[in-house]
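Reckoned from all heavy atoms, side chains included, excluding hydrogens, waters and symmetry mates.
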Amino acid sequence: HIQTNPNWEYAGVYIDSFTTGTKTANRDGFNELIADCDAGKIDLVLVKSISRFARNTVDLLNTVRHLKDIGVAVYFEKERINTLSSEGEFLLTVLASFAQEEITSTSNNIKWAFKRKFQQGMLIHRHKVLGYDWQGDELKINEAEAEIVRHVFNSYLSGSSVAELSREFTVKYPEFDFSYRQVAAMLSNEKYIGKIIMQKTYSSDPLTKKTKTNKGELPFYVVDDHHEPIIDKATFDAVKAEKQRRAELGAIANKFINTSCLTGKIKCGYCGENYTRQSNRNNQGTWCCNTVRHSGSAGCPAKRLHEYVLKAKFAEVCGQEYSEDLFEELIEQVVVVGTDTLDFHFKDGHRQSVKWELTRNRDRWTEEERRKKSDYAKAHPIPRRGNTCLTSKIKCGCCGENFRRNYIKTNDSYSWGCSTGKRKCGIRWIRDDEIKRVTAAALGLTEFDEHIFTEKVERIVMLSNEELTIRFTDGSERTVPWNSKRVIKEGSRNAKNSKSNTSND
């Protein structure tokens, strides 16, 4: 047809074989055609009919409008529609709707045929099932694979988790899929007891073809004794009961998770999720709603709960000091209601509520805790660039501020000076080598040693420009003189100026 028209030049033919027209994403020929149109290689596209171009009304109209915007016409031969004509898009919309309805009608016919086969106990799909081989329309046991299946079920009943089984069998049998998801599916696959359940999934939209899990929207079709079982029903039911038991226990059922008597027993009154424990470096436990952990305060407004607060409130409602055994014996669960109430559910059926307050540790911030915190900070200084063993140990005797280390470019050396400045306090900067010399002498050392200094010196207090006090960790003190005179290094600019002044004199 193109070659008989002298005004047209043949650009090529674009074909999609055995590909649905309901979606354009996987149509290589279609997408190549659109790309050539965008590249200016095509001015006119000839199509046999609308249903050959696209069966999805939205995709059809979007594509035609895009081609129309770049000056490319599409002519549908059967319907005699030219998209660049004034009535083209209107007719196209009407006819495309018919094409889409045709898809829906065809889909309903196929579903009806499937339903009839389900009612007759006939399988539609023959998926590979570990432990079985398909022989015609029948499932026959593959004894070598069946032994693996039996091992999986028995190991789970013996206490192994799905994660453990996945790791173990992936190493033993790399030729099979033993992912976590696959092992979990095996343990609930009714085919292993000879049963078939059909229509467990369905397609909700014939255009998108998205598959959904059937949760009762459509009837199930069950065929008992369809084939020879690998697992007996008693074992299968025992595995099902064990899965339910572990689900109810939650994290406690997982032996790899460090749990306590509180695990799984603290519930959020807002969203119903469990609270889980988080520890800081001092092992002061804080319990947080799982929704808050994953989605923040936007997901749930529940507050964090300090473990020591929970234990104190337990003692308040029970009249006894908290212990894990006592909590396990008395408490069914604790519900965090709102932002100020803990609702204790006792195992004997009664409930008791008590108020609590988010204090952020201020109620336990005693002098002893402060000292522990200070001692820890001294023994574990935060590693920052430029920090030394002297950092935060030199204090000004005038204002009480820490001395900080400064680099002196002219001397290519370091000095320590009060954070508030020497103009306010009047105490000069002390050279790094001078303070090390003085402290080494006070410790009876020939040269400065960082480890000995850290172990034996608690604080250095700069009293004046002549004296400083060294406080030792054993509680003793020693006041010693220090040299505040400026030292000029050989080769520096000041040294050259000094020599120049001397020669002039």
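Considering only heavy atoms from C-beta on, Tyr275 stays 4.5 Å or farther from Thr286 through its side chain. Using a 4.5 Å cut-off on side-chain heavy atoms (C-beta onward), Leu305 and Trp356 make contact. Contact annotation: the side chain of Tyr192 approaches that of Leu130 to within less than 4.5 Å [non-hydrogen atoms, C-beta and beyond]. Within the 4.5 Å cutoff, side-chain heavy atoms of Arg304 are placed close to those of Cys288. Looking at Met186 and Val149, their side chains come closer than 4.5 Å, going by heavy atoms from C-beta outward. For the pair Trp134/Leu139, a side-chain contact is recorded, criterion being any heavy-atom separation below 4.5 Å from C-beta on. Side-chain contact check for Arg277 versus Leu262: every heavy-atom pair is 4.5 Å or farther apart. Counting heavy atoms from C-beta on, the side chains of Asp433 and Ser413 never come closer than 4.5 Å.
Asn402 and Ser419 make their closest contact through O-OG, 2.7 Å (heavy atoms, listed as atom of the first residue, atom of the second, distance). Closest approach of Phe453 to Leu390, counting heavy atoms only: CZ-CD2, 3.4 Å. Contact detail for Val438 and Pro481: the closest heavy-atom pair is CG2-O, 4.0 Å. Nearest heavy-atom pair across Ile427 and Ser464 is CG2-O, 4.2 Å. Ser166 and Ser179 get closest at one heavy-atom pair: OG-C, 3.5 Å. Residues Leu165 and Ser155 come closest through the heavy atom pair CD2-CB, 3.4 Å.
Within 6.0 Å of atom CD in Gln333, more than 12 heavy atoms from other residues, nucleotides or ligands are found, so the atom counts as buried in its surroundings. Around NE2 of His451, the count of heavy atoms belonging to other residues, nucleotides or ligands within 6.0 Å does not exceed 12. No more than 12 heavy atoms of other residues, nucleotides or ligands lie within 6.0 Å of NZ in Lys240, so this atom counts as exposed by the packing criterion. By the neighbour-count criterion of 12 heavy atoms within 6.0 Å, atom NZ of Lys243 is densely surrounded, having more than that number from other residues, nucleotides or ligands. Within 6.0 Å of atom CG in Asp225, 12 or fewer heavy atoms from other residues, nucleotides or ligands are found, so the atom counts as exposed in its surroundings. Within 6.0 Å of CD on Glu143 lie more than 12 heavy atoms contributed by other residues, nucleotides or ligands.
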(Q) Run the side-chain contact (heavy atoms from CB on, under 4.5 Å) test on Leu443 and Phe448 for me, step by step, so that the C-alpha distance in whole Å, both residues' side-chain angles and the decisive distance to 0.1 Å come before the verdict. (A) CA-CA 9 Å; Leu443 290 167; Phe448 184 80; 5.9 Å; no
Q) What's the verdict on side-chain contact (heavy atoms from CB on, under 4.5 Å) for Lys267 and Asn274, showing C-alpha distance, side-chain angles and the deciding distance? A) CA-CA 5 Å; Lys267 300 282 184 181; Asn274 282 337; 2.6 Å; yes
Q: Might you work through the side-chain contact (heavy atoms from CB on, under 4.5 Å) test for Cys318 and Leu330, ending with a clear yes or no?
A: CA-CA 9 Å; Cys318 295; Leu330 299 178; 4.1 Å; yes
Q: Decide side-chain contact (heavy atoms from CB on, under 4.5 Å) for Cys268 and Thr291; before the verdict, give the C-alpha distance in whole Å, the side-chain angles of both, and the deciding distance to 0.1 Å.
A: CA-CA 9 Å; Cys268 177; Thr291 304; over 6 Å; no
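With hydrogens and angles disregarded, no donor-acceptor distance shorter than 3.5 Å links the side chain of Trp416 to the backbone of Thr391. Proximity of a side-chain donor or acceptor of Lys195 to a complementary backbone N or O of Asp224 within less than 3.5 Å is not detected. Panel note: side chain Thr469, backbone Val461; no donor-acceptor pair is recorded below 3.5 Å. Within the 3.5 Å criterion, the main-chain N or O of Gly426 finds a donor-acceptor partner in the side chain of Asn465. Side-chain atoms of Lys393 come within 3.5 Å of backbone atoms of Val457 as a donor-acceptor pair (strictly under, hydrogens ignored). Within the 3.5 Å criterion, the main-chain N or O of Ala185 finds no donor-acceptor partner in the side chain of Asn189. Judged by distance alone, with hydrogens and angles left aside, the side-chain atoms of Glu164 form a donor-acceptor pair with the main-chain N or O of Ser161 at under 3.5 Å. Between the side chain of Thr473 and the main chain of Glu455, a donor-acceptor pair closer than 3.5 Å is present. Side chain of Lys265 to backbone of Ile331: a donor-acceptor contact under 3.5 angstrom is found. Judged by distance alone, with hydrogens and angles left aside, the side-chain atoms of Thr454 form a donor-acceptor pair with the main-chain N or O of Glu450 at under 3.5 Å.
A distance of 10.5 Å separates CD1 in Ile470 from CD in Glu477, rounded to the nearest 0.5 Å. With rounding to the nearest 0.5 angstrom, the CE atom of Met462 is 5.5 Å from the CD1 atom of Ile435. Note that OG1 of Thr479 and CD of Glu466 are 13.0 Å apart. Values are rounded to the nearest 0.5 Å. Within the model, atoms CZ of Arg478 and OG1 of Thr439 stand 11.5 Å from one another, a figure rounded to the nearest 0.5 Å. Taken to the nearest 0.5 Å, the CZ atom of Phe403 stands 11.0 Å off from the NZ atom of Lys395. If you take OG1 on Thr235 and CZ on Phe153, they are separated by 8.5 Å, rounding to the nearest 0.5 Å.
Qualifying side-chain contact (heavy atoms from CB on, under 4.5 Å) partners for Lys311, counting only residues two or more places apart in sequence or in other chains: Glu307, Tyr322. Taking Lys347 as the reference, nothing meets the side chain to side chain donor-acceptor pair (under 3.5 Å) condition, with sequence neighbours excluded. For the ring-ring contact (aromatic ring centres under 6.0 Å, His included) test, no residue two or more places apart in sequence or in another chain qualifies with Tyr270.
For Ser415 and Asn406, the side-chain atoms include no donor-acceptor pair closer than 3.5 Å. Of the N and O atoms on the side chains of Thr276 and Arg293, at least one donor lies less than 3.5 Å from an acceptor on the other residue. A side-chain donor-acceptor contact under 3.5 Å links Asp474 and Ser476.
A salt bridge links Asp133 with Lys128; the closest basic N to acidic carboxylate O contact falls under 4.0 Å. Between Glu357 and Lys313 there is no salt bridge, since no side-chain nitrogen of the basic residue lies less than 4.0 Å from a carboxylate oxygen of the acidic one. A salt bridge between Glu242 and Arg245 is present, with a side-chain N of the basic residue lying under 4.0 Å from a carboxylate O of the acidic one. One finds a salt bridge joining Lys436 and Asp432 here, because a Lys/Arg side-chain nitrogen approaches an Asp/Glu carboxylate oxygen to under 4.0 Å.
Ring orientation note: the planes of Phe314 and Phe327 are tilted relative to one another, at an angle of 30° to 60°. Ring orientation note: the planes of Phe346 and Phe344 are tilted relative to one another, at an angle of 30° to 60°.
The ring pair (Phe, Tyr, Trp, His ring centres under 6.0 Å) test with Phe169 is passed by exactly one of Phe178, Tyr156, Phe176: Phe178. Partner of Lys303 under the side-chain contact (heavy atoms from CB on, under 4.5 Å) criterion, out of Asp340, Thr339, Val292, Val336: Thr339 alone.
Judged by the 6.0 Å distance and 45° axis criteria, Lys233 is not positioned over the aromatic ring of Phe236.
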